[in-house]
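What follows is a set of notes on a single structure, which appears directly below.
This is a predicted model, so every value here is computed, not measured.
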Amino acid sequence: MANLTRFDPLGIDEPFENFFRNAFWRPLALESSKRMQIKLDVEEDDKQFTIRADMPGVSKENIKVALDGNQVSISAHFSESKEKKDNGNFVHRERYEGDMYRSFSLSQSVDKDKAQANYRDGVLELVLPKRADAGERQLTIQ
């Protein structure tokens with residue numbers, strides 16, 4: 001049976017990326033743009049938002065979370081390279097050092113005082129209770 005694939009006419013990066021993936025070298029822009037992203041899941045129920053962000057290899061001291069109303073910002077400094085060599089040139093290198101950043105808006109404001117953050121096994125979990133006064137309000141038309 002034949003395999004079906006969906007054609008994406010706007011997905012012009014994929015053919016170029018596959019070309020460089022098969023070569024022995026890859027441009028830094030293609031490599032670093034995907035590796036240093038923070039991937040996350042956001043769940044919502046009546047009382048809170050639960051966010052899980054994959055951040056493997058980052059120490060919790062290097063993670064910062066900022067809350068402003070319904071805006072959430074997560075940033076971290078990441079460094080896989082522990083040793084520095086003075087001799088020799090790298091022909092290919094996949095370990096890197098840099099900063100990760102992700103910012104997004106939630107559908108409702110968050111109670112900053114009751115928010116919690118846990119980091120375990122490379123996953124940052126944020127529990128963000130919704131603010132009670134941020135609910136919908138009906139106006140009386142006069």
Side-chain angles (χ1 to χ4, degrees), residues 1-85 88-142:
M1 180 172 247
N3 291 332
L4 297 176
T5 58
R6 179 175 283 167
F7 175 68
D8 182 9
L10 300 176
I12 60 172
D13 292 337
E14 186 66 29
F16 295 111
E17 187 173 339
N18 284 337
F19 171 76
F20 290 114
R21 180 173 307 185
N22 294 328
F24 74 95
W25 63 274
R26 298 177 208 177
L28 193 58
L30 289 176
E31 220 26 59
S32 64
S33 65
K34 287 196 174 183
R35 292 219 173 149
M36 297 183 77
Q37 287 182 350
I38 300 173
K39 293 178 174 47
L40 50 90
D41 296 331
V42 179
E43 293 180 34
E44 178 182 12
D45 61 25
D46 294 340
K47 298 179 182 179
Q48 67 189 19
F49 296 98
T50 303
I51 299 163
R52 288 178 193 85
D54 289 342
M55 303 175 75
V58 178
S59 67
K60 71 178 184 177
E61 293 79 22
N62 292 337
I63 299 174
K64 293 186 174 124
V65 178
L67 303 173
D68 185 17
N70 69 336
Q71 186 77 19
V72 180
S73 299
I74 303 170
S75 62
H77 181 74
F78 180 72
S79 177
E80 269 190 7
S81 180
K82 303 287 185 213
E83 63 183 70
K84 303 215 183 230
K85 287 186 176 181
N89 294 323
F90 287 103
V91 174
H92 181 76
R93 185 173 187 175
E94 293 183 352
R95 296 183 296 160
Y96 56 89
E97 179 176 338
D99 295 319
M100 294 187 233
Y101 181 79
R102 185 82 185 254
S103 182
F104 54 94
S105 297
L106 297 170
S107 60
Q108 195 170 340
S109 294
V110 171
D111 188 349
K112 294 181 247 186
D113 298 329
K114 296 179 182 175
Q116 298 174 359
N118 269 328
Y119 182 69
R120 186 174 344 150
D121 298 331
V123 178
L124 174 68
E125 183 178 73
L126 304 174
V127 178
L128 308 175
K130 294 178 179 179
R131 268 191 21 205
D133 62 348
E136 186 176 320
R137 183 180 144 207
Q138 295 288 327
L139 296 177
T140 305
I141 300 173
Q142 299 188 18

Subject >> N70 (side chain) donor-acceptor with L106 (main chain) under 3.5 angstrom >> reply: yes
Original post:
What's the spacing between H77 NE2 and K64 NZ if we round to 0.5 Å?
Top reply: 10.5 Å
Original post:
Just by modelled atom types, is the I63 backbone N or O under 3.5 Å from a matching donor or acceptor in the Y119 side chain?
Top reply: no
Original post:
Under 4.5 Å between any side-chain heavy atoms of D54 and L40, yes or no?
Top reply: no
Original post:
Which pair of heavy atoms, one from Q108 and one from R131, lies closest together, and at what distance?
Top reply: NE2-O, 3.5 Å
**OP:** Calculate, to the nearest 0.5 Å, the distance between atoms NZ and CD belonging to K130 and Q48 respectively.
**Re:** 9.0 Å
Original post:
Does V58 reach the side chain of L124, with side-chain heavy atoms less than 4.5 Å apart?
Top reply: no
Original post:
Quick one: CZ on F104 to CD1 on I38, what's the gap to the nearest 0.5 Å?
Top reply: 9.0 Å
Original post:
Do L126 and L67 touch side chain to side chain, with heavy atoms closer than 4.5 Å?
Top reply: no
Original post:
What closest approach, in Å, do P56 and F78 show between heavy atoms, and which atom pair accounts for it?
Top reply: O-CE1, 3.2 Å
Original post:
About how many Å separate CG of L128 and NZ of K112, when rounded to the nearest 0.5 Å?
Top reply: 12.0 Å
Original post:
Hey, what do you get for NZ (K39) to CZ (R102), rounding to the nearest 0.5 Å?
Top reply: 9.0 Å
Original post:
Do T50 and E125 have side-chain atoms, one donor and one acceptor, less than 3.5 Å apart?
Top reply: no
